[in-house]
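Numbered from 1 within each chain, the chains take letters A, B, ... in sequence-line order. A quick note: this is a predicted structure, and the numbers were derived from the prediction, not measured. We use all heavy atoms of the structure for the numbers below, so side chains are in, but hydrogens, waters and symmetry mates are not.
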Amino acid sequence: MAPTELERPPSMAALFARAALTARGRGGDLPDTHLARTGVTVDGGNLAGYARICGFPLTDSLPPTYPHLLTFPLQMALMGDRSFPLALPGLVHVRNRIDVVRPIGATESLDLEVWAERFATHRSGATVDLCASVSAGGAEVWRARSTYLARGATAPEGAPESDVTVAVGDLGRAAAVWRVPDDAGWRYATVSGDVNPIHLSGLTAKAFGFKRAIAHGMWVKARVLAALVNRLPEAFTVDVGFRKPLFLPSTVTLATAQAGGGWDVAVRNARSGTEHVVGTVRARGRGSPS
Amino acid sequence: MAQSQQPTTRKAAIVGGNRIPFARSNTAYAQASNQDMLTATLDGLVARFGLQGESVGEVVAGAVLKHARDFNLTREAVLGSKLSATTPAYDVQQACGTGLEAAILVANKIALGQIESGIAGGVDTTSDAPLAVSDDLRRVLISLNNARTWQDRLKVLGRIRPGMIAPEIPRNAEPRTGLAMGDHAAITAEEWEIGREEQDELAARSHQLMAAAYDRGFFDDLVTPFLGLARDNNLRPDSSVEKLAKLRPVFGTGEGATMTAGNSTPLTDGASAVLLASDEWADAKGLPVLAHLVDAQTAAVDYVHGGEGLLMAPVYAVPVLLVRNGLALQDFDFYEIHEAFASTVLATTKAWEDPGYCKEKLGLDAPLGSIDRAKLNVNGSSLAAGHPFAATGGRIVAQLAKTLHEAGPGKRGLISICAAGGQGVVAILES
């Protein structure tokens, strides 16, 4: 099916509202919709703000997680549409894999495409993968796969088992301690546009059943990569599992270990050791599967 | 008894340099921090000389305008760069002399055999400048932090007055005189009767020479583009005396005011770095040696009570350096006199020509004499590129080293940089 092209990014706050209002009565299989935007350029001010909030240095290349900001509104539009079988409120981001095919220049013109696939059975519901592909000059430069869990939902008959486990080796002692302030979700929302109420404040998070606001998983992932930014290969795959929510405020630790020519990483609560994020970073060789 | 390894000195080689294009304040680098710029500059140098993952003996750099959080700026930049994390680093600060002083420090350790290689650099931003709370508010906040009980805290909070809230913005002014650097330079310009036209001529020439140097690719291996900028955005290739003559004076007063925004350097953001090494290290790596740092000298003047101009210290440093090296002022093929203001360069050269001044102030039997203007700032200087304080020294060292290398072996160059606080840093390079 040919992708549906959007002229501009959809408004995320409106998408959240509409998705919440149309949450009931959804079901069926995944739509084969592809949404796309072409000739997208990055706003320098937003890039600088994102870099500052995630801890990346400001350079002429996009941080490896930045293209997610460009594709996420399209994925939201796809998930918010009535044809999408799962209700957007309550979807939990459980895994995110990014393939950096090559570094992307901050001024490159980019083409975006998103779609949904792999409706799968999970022990506590169903998962779905929201995929994104970013191209420049006709060649793919970046792709990502975000796995969302819908608790209590049922995947269609014959759906495969979902795969949300990211395995890491022994990580040992923490490399860094981060104090994550209670406005971390709000701050990330201002640059990412991800205004999901569960991240914004304790009050809005309570309305959705969380005891406190929780940090954006993609912000934690970005901070991990920012901590390794000058130690990353040119082309790499970073695959993380989002385990337990990171409640705000929190003090967490980052543990890193060199593994397989890349890194194994974990972000854990500094006191309880609860795992929030575990992940792997691996260099992409020539001819890596894309 | 074991023979002690008594150090024998050797001359440090300048292998090459890298800088990002300089940007006028609040333009291309408005969002970039000192650490962003210094890290990008180091990574550019690392890429140019294939130093990825390698350790160098030491990285020495600094910034003049520095946030309190950047106390370990250079080491933090190293940790964020592609250099090995086992590379030691430290910060220096000598106002506009920072970059050249950093190069001297690295060169001296190489000369003594304490390190085999090192990187000297500097960075400054006037856009992402540190703001401080007012001194009164700062004292209140410290008391608040020390207060033990709620009653004490409330008492301390009661001391806050609305007037304390305004932040302190760093100013380009001398703490002891309250005068902006430009105001000081205007006094010197008037004392030395530096005319408006000669200042504009020097400024236009600087722009034209630097533009020509860019056009012939001179900066291709000295500059790495950053945040969309490929050339210094202060550079005006079409600058002319006629255009500059139209500008109104911004420093000095009345009829004698000659200094404009055109013949003074603007506030600028940028960073530079220079790779220095022993000849052996460069040879083992297959890297070129552009020039050697032969010798250096600093001086300072009493600009507060002593009747000397704020930016005149290099005038004193150069004769000391010449005597030690048995050279005359005319024994150089190139001169790099930092263009803080066009009038500063002109007052400097005029002072060296003045028999009375050279005798009374510098204690010389004869004046140092004049220099051949054709050999001065031949690829443009700070009036064209701009002047991110601590980054200027690295720009000049790399630029002069390449100029000397292009001219062939045995060529000699003199660097003269004036700095706030009445200081001067000068050095000799030789190809």
Side-chain angles (χ1 to χ4, degrees), chain A residues 41-64 66 69 102-110 136 173 175-179 181 187 190-191 222-236 254 256-258 261-263 281 283, chain B residues 18-21 23 26-47 50-55 59 67 69-70 73-87 89 123 125 127-128 223-231 233 269-271:
Chain A
T41 50
V42 169
D43 172 73
N46 180 256
L47 176 60
Y50 178 85
R52 199 179 308 126
I53 281 168
C54 299
F56 287 105
L58 191 58
T59 69
D60 286 294
S61 301
L62 298 182
Y66 189 86
L69 260 59
R102 66 156 170 86
I104 304 173
T107 54
E108 286 190 72
S109 173
L110 304 172
R173 210 163 55 82
V177 178
W178 298 338
R179 281 177 187 82
R187 284 163 60 85
T190 61
V191 289
R223 276 206 69 168
V224 169
L225 289 175
L228 294 168
V229 71
N230 54 332
R231 308 281 178 243
L232 295 173
E234 286 268 293
F236 64 93
L254 167 70
T256 59
Q258 293 194 17
W263 299 90
V281 181
Chain B
N18 182 54
R19 67 178 176 94
I20 54 175
N26 286 306
T27 61
Y29 305 159
Q31 305 275 3
S33 67
N34 274 339
Q35 203 178 310
D36 289 335
M37 292 192 286
L38 185 57
T39 307
T41 301
L42 288 175
D43 275 344
L45 191 77
V46 163
L51 301 174
Q52 291 88 343
E54 296 205 21
S55 188
V59 179
H67 291 263
R69 62 160 191 258
D70 283 340
L73 173 67
T74 309
R75 174 63 179 150
E76 287 299 325
V78 167
L79 285 172
S81 78
K82 298 260 159 76
L83 285 168
S84 163
T86 60
T87 301
V123 57
T125 170
S127 304
D128 184 42
V223 175
T224 307
F226 184 57
L227 302 187
L229 211 57
R231 283 187 182 195
N233 68 6
D269 307 334

Do [X] and [Y] have side chains that get closer than 4.5 Å, going by heavy atoms?
X	Y	answer
A:V42	A:L69	no
B:V123	B:L73	yes
A:L225	A:L232	yes

Would you enumerate the inter-chain donor-acceptor pairs between chain A and chain B whose distance is below 3.5 Å?
from	atom 1	to	atom 2	distance (Å)
A:R52	NH2	B:Q31	OE1	2.7
A:L58	N	B:D36	OD1	3.0
A:D60	OD1	B:L227	N	2.6
A:D60	OD1	B:G228	N	3.2
A:D60	OD2	B:L227	N	2.9
A:N230	ND2	B:L79	O	2.7
A:N230	ND2	B:S81	O	2.5
A:R231	NH1	B:S81	O	3.3
A:R231	NH1	B:L83	O	3.4
A:R231	NH2	B:L83	O	3.3

For [X] against [Y], the heavy-atom pair lying closest together:
X	Y	value
A:A51	A:P57	CB-O, 4.3 Å
A:A106	A:L62	CA-CD2, 3.8 Å
B:G270	B:I20	CA-CD1, 4.1 Å
B:P21	B:F226	CD-N, 3.9 Å

Considering only heavy atoms, which portion of B:A85 lies under 4.5 Å from any heavy atom of chain A: side chain, backbone, both, or neither?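 Contact with chain A is through both the backbone and side chain of B:A85.
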Select one option (side chain, backbone, both, neither) describing which atoms of B:A32 are under 4.5 Å from chain A's heavy atoms.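 For B:A32, heavy atoms of backbone and side chain both lie under 4.5 Å from chain A.
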